[in-house]
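Have a look at the structure below, then the notes.
Values reported hereafter were calculated over all heavy atoms of this structure, with side chains retained and with hydrogens, waters and symmetry mates removed.
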Amino acid sequence: MVYCNRFNFLFLLQWETLCSRWCLITSHKLYSSVYDPNEKTFEKLLIANRGEIACRVIKTCKKMGIKTVAIHSDVDANAVHVKMADEAVCVGPAPTSKSYLNMDAIMEVIRKTRAQAVHPGYGFLSENKEFARRLASEGVTFIGPDTHAIQAMGDKIESKLLAKNAKVNTIPGFDGVVKDADEAVRIAREIGYPVMIKASAGGGGKGMRIAWDDEETREGFRFSSQEAASSFGDDRLLIEKFIDNPRHIEIQVLADKHGNALWLNERECSIQRRNQKVVEEAPSTFLDPETRRAMGEQAVALARAVKYSSAGTVEFLVDSSKNFYFLEMNTRLQVEHPVTECITGLDLVQEMIRVAKGYPLRHKQADIPINGWAVECRVYAEDPYKSFGLPSIGKLSQYQEPLHVPSVRVDSGIQQGSDISIYYDPMISKLITYGSNRAEALKRMEEALDNYVIRGVAHNISLLREVIIHPRFVRGDISTKFLPEVYPDGFKGHKLTDLERRQLLATAASLYVAEQLRSQRFLGTPRIPIAVSKRRSWDLSVHLGDGIYPVAVSKDGSSFSRISRNASGETSIQFLGTVYKLQILTKVAAELSKYMPEKAAEDTSSILRSPMPGTVVAVSVKPGDMVSEGQEICVIEAMKMQNSMIAAKTGKVKAVHCKAGDTVGEEDLLVELE
């Protein structure tokens with residue numbers, strides 16, 4: 001039996017109402033706020049992006065006295081970055097190819113608004129040499145490197161050759177363009193399995209597949225080329241040896257047009273799912289000063305080799321013996337740049353703008369510190385219980401950022417009421433915490449995640465919290481295989497201890513009683529004045545998971561908080577990061593519920609439902625076809641990633657409920673088998 005005799009303790013959950021806002025911590029500089037008003041740069045700057053990175057650039061521009069122009073698609077008309085900018089212009093409908101990748105429309109906005117410079121953010125046109133060339137031809141400054149560097153480093157094949165010539169360690173592989181699936185298989189056999197198939201012009205984990213045999217190589221070639229064409233407009237692929245169980249560590253570089261170049265220490269980015277980063281930190285627990293210096297010097301050597309000028313990132317794979325190999329160079333601002341800003345005190349957006357205007361760097365290599373520790377969690381609108389995160393869409397019905405927690409920074413481009421759509425990346429925000437050491441930064445991250453309120457869409461806070469408190473992560477024992485190794489059967493949420501289960505049951509029961517008492521009152525007075533309840537105790541039955549637990553509640557005090565409960569009486573409570581579903585009944589109702597008929601479970605082996613909202617790219621079967629277990633049925637594209645849907649059993653196709661081009665929702669019926 002679980003007992004709870006005070007409602008007041010519930011406020012340990014700290015469900016507070018806070019206004020969403022951006023925060024710059026002054027006690028620990030998350031980045032430099034120093035700006036010289038006599039150092040003139042640009043009067044007006046256009047941001048060719050959306051979401052949190054557009055907001056991030058706008059904030060620095062405001063600090064520097066630069067007016068800003070936002071572009072947006074029609075579905076982003078009320079987005080936060082649109083409201084923050086001094087001007088905003090629609091560039092087309094929702095699909096990226098018709099809006100944020102629509103160069104003609106963006107160039108017209110630049111002419112119309114007379115913007116002097118363009119910051120591309122990351123993704124979209126940030127590494128598109130044609131966009132940079134068109135800007136230069138019209139006398140508009142591109143906040144980034146010149147077209148030569150974009151071409152050289154944006155093409156993974158050319159960049160690998162340049163890296164070799166610059167004496168940078170490289171991964172063995174094929175140094176040309178793979179023509180078709182047959183050639184891919186031949187090359188993979190020559191290199192030796194496993195191999196990595198990836199887009200030549202890609203980044204962000206898109207257009208990348210690991211292949212362990214010929215069949216996976218053919219499949220990987222098909223999916224990678226399709227994703228590359230969709231995301232980057234370039235379907236060229238390369239193949240290289242896959243280094244099993246590595247760390248992913250990158251070096252931030254900063255260079256100007258006067259031959260000066262710096263490395264701003266490293267970022268540890270090994271916690272990934274589907275080749276996309278989830279948790280990052282700076283510095284890395286793994287690097288010693290000698291390895292850090294060697295990686296930094298090679299990164300700068302590569303930047304000098306292409307006459308690089310701006311902020312950029314050189315990514316490396318690092319094995320267990322601290323051997324490191326060049327992976328790629330991103331000629332743009334990285335998603336995870338805030339952790340570098342935290343430990344160096346530099347505003348990288350400000351530095352990019354200064355360099356683009358022609359100013360020399362203000363710092364020498366000896367000036368770059370490692371001051372404290374920073375951790376970043378990417379908060380996504382994703383269901384972490386499905387392949388560590390399949391996209392979720394919907395409206396943010398409640399949204400409160402944990403900015404009351406000390407030394408927290410939240411980079412976001414959404415607010416309460418914002419829509420998460422199928423058209424764009426599902427990122428909600430980047431949550432960054434800073435500490436004088438790693439333990440302090442991680443403790444603050446744990447507290448921040450516990451105080452982050454997101455309702456209306458599925459989110460990955462439960463996964464993020466479990467990662468940062470896991471013993472392997474805490475001691476720094478990580479690799480790019482961390483998630484599948486720690487959760488071989490998929491992520492299941494937090495596993496409650498006996499004490500934690502008792503706390504959750506007591507919390508749920510107390511909130512249930514508080515809600516029942518509140519429902520008897522109207523504007524603080526009883527609904528029926530003569531019906532004043534003197535009840536002080538309740539016997540309840542709480543169904544949690546596979547268990548049913550008796551709980552006794554007694555009243556002492558008058559503090560209440562709200563819970564989320566659906567029409568069937570099921571209650572949802574977020575506890576230690578994980579959302580638990582409980583059914584709370586009175587003792588009498590629990591006895592009667594035994595006589596309620598149970599709904600028969602659906603035979604999921606005979607049907608295929610979409611695990612996520614998205615667009616049907618291809619359907620491989622028709623009614624009457626025989627399919628084998630594991631055979632591809634159709635392909636769903638969700639937020640630029642393609643996902644193969646397979647048959648759960650061998651059988652004959654009874655009906656097909658979708659076709660290529662259809663938009664489907666989560667759990668929509670796709671195909672039936674007999």
For the side-chain contact (heavy atoms from CB on, under 4.5 Å) test, which of Asp419, Ile393, Ile420 pairs with Val457?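 When side-chain contact (heavy atoms from CB on, under 4.5 Å) is applied between Val457 and each of Asp419, Ile393, Ile420, only Ile420 qualifies.
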
Is there a donor-acceptor pair closer than 3.5 Å between any side-chain N or O of Tyr380 and the backbone N or O of Asp383?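 No, the answer is negative, given that no donor and acceptor are paired below the 3.5 Å cut-off.
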
With [X] via side-chain hydrogen bond (donor to acceptor under 3.5 Å, both in side chains) - residues at least two apart:
| X | answer |
| --- | --- |
| Arg267 | Glu250, Gln252, Thr313, Thr340 |
| Glu219 | none |
| His337 | Arg56 |

Set of ring-ring contact (aromatic ring centres under 6.0 Å, His included) partners for Phe124, sequence neighbours left out: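 Expected list: Tyr100.
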
ring-ring contact (aromatic ring centres under 6.0 Å, His included) partners for Phe324, two or more places apart: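 By the ring-ring contact (aromatic ring centres under 6.0 Å, His included) rule, Phe324 matches Phe316.
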
Are there more than 12 heavy atoms of other residues, nucleotides or ligands under 6.0 Å from atom NZ of Lys44?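 Correct, the count exceeds 12.
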
Any cation-pi pair here, Lys357 with Phe42, using under 6.0 Å and within 45°?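 Yes; both conditions hold, so Lys357 lies above the ring face of Phe42.
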
Salt-bridge contact [X]-[Y] (side-chain N to carboxylate O under 4.0 Å):
| X | Y | result |
| --- | --- | --- |
| Glu336 | Arg378 | yes |
| Lys67 | Glu87 | no |
| Arg222 | Glu632 | yes |
| Arg209 | Glu216 | no |

Got a second to check how far Gln350's CD is from Cys61's SG, nearest 0.5 Å?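 It comes to 10.0 Å.
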
Kindly determine whether Lys63 and Lys59 satisfy side chain to side chain contact (heavy atoms under 4.5 Å, CB included), including the steps that lead there. CA-CA 6 Å; Lys63 179 183 71 176; Lys59 288 159 189 169; over 6 Å; no

What pairs with Gln365 under side-chain contact (heavy atoms from CB on, under 4.5 Å), at least two apart in sequence or on another chain?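 Checked Gln365 against side-chain contact (heavy atoms from CB on, under 4.5 Å); matches are Leu262, Trp263, Ile368.
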
